[in-house]
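Index from 1, following the sequence. Remember, predicted model here, so these are calculated numbers, not experimental data. All ligand and atom numbering here is 1-based and tracks the order in the structure.
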Amino acid sequence: MPVISSSGMRRLGQAARRLKDRFASRALILMYHRVTELPDDPYLLAVKPKHFAEQLEVIRRYGFPMPLRQMVEALQDGKVPKRGIVVTFDDGYADNLYSAKPLLERYDIPATVFVTTGHVGHPCEFWWDELDRVLLQPGKLPPRLELSLDGRAWQWELGEAATYTTADYQRDRTWHIEREDDPTPRHRLHRSLYQLLHNLTERDKQQLLGNLRKWAGAEPIGRPTHRTLSHHELVHLAEGGLIEVGAHTVTHPMLSALSVVEQRDEIRRSRAHLEGILNRPVTSFAYPHGSYTKETLAVVREAGFACASSSEPDAVRTNADCFQLPRIVVRDWDRETFTRWLRRW
Ligand SMILES: [Zn+2]
């Protein structure tokens, strides 16, 4: 009888666990933002309707699409639905109703849309879209921007990029924030403000954006292409029962940067607002920017939610915490790319 040393036994145990993990049921929660075709998409938020349809077809063929609620109920019973796939959308863009919903209906695939309630029926764009509108569209800007914030003075020079022609725009149109190069001083300014704005309080954010618009001579009213859902559109979105509406705070802050009192206010008010519009319980939540603390988890639970989605890119396994559900971001991929990507998971 061969003798196995204790370290050998340990290695065998580890290998068995790895194998078990490899074949254990895993499910996926997919994270989308927009279904639309945009001339530029600096944050990679949009999936073209054609590609979205192809992705849904692949999900139908290889996966087991289900509502978030069903996935959460299975997890609460200690199970993971094999090949289970949940589709989610963040933020509450109007195209979720006009482009995503008809396709979800065509393939009979349920989805959850997490809505930032402060933007419901509001004519302003999200702050990131506003940065794109003011800084990365063709036109003329003053050559220098000076801003003061928290007693600190900031200054940027645009130089020749103050004038940005349609040809310049066409050349840089496919640029996005995940690229390391910034083709013009406008892109450098955009990146600085993008990083700065992430961590500001809502008041400072609005003040900075107001100053930026004043400097650029830009209107506060947003582009129709970047519109968020109105009150009525939200009601239509939830009609038919295929789409569940979840909460995503009021102002889309970094929750981890707020006090517990402020977090509670953002989380509870967004739920109450949606329940007032939809006249039904709202039980799912998603953390804006995937940001939260230990305290946030308790606040979300106390506020009456049954689950919360993070932005941790991972598959859902049996030990998943229903208040920190992992999600993976889907990009504007065609059928083949999406299928290959899905297989890897
Ligand atoms: Zn969001």
Check: Near the Zn ion (ligand 1), is there an N/O/S atom from H252 that is less than 2.8 Å away?
Finding: yes

Margin query: Tell me whether the Zn ion (ligand 1) has H248 as a neighbour, meaning an N, O or S atom of it below 2.8 Å.
Written below: yes

Check: Given Y194, which of F126, W127, W128 fulfils the ring-ring contact (aromatic ring centres under 6.0 Å, His included) condition?
Finding: W127

Note to self: Report the atom name of the nearest N/O/S atom of D91 relative to the Zn ion (ligand 1).
What the structure shows: OD1

Item checked: Polar side chain donor-acceptor pair, T184 to H187, under 3.5 angstrom -> yes

Checklist line | Option from H51, K50, Q55 for which side chain to side chain contact (heavy atoms under 4.5 Å, CB included) with D334 holds | finding: H51

Check: Side chain of K101, backbone of H236: donor and acceptor closer than 3.5 Å?
Finding: yes

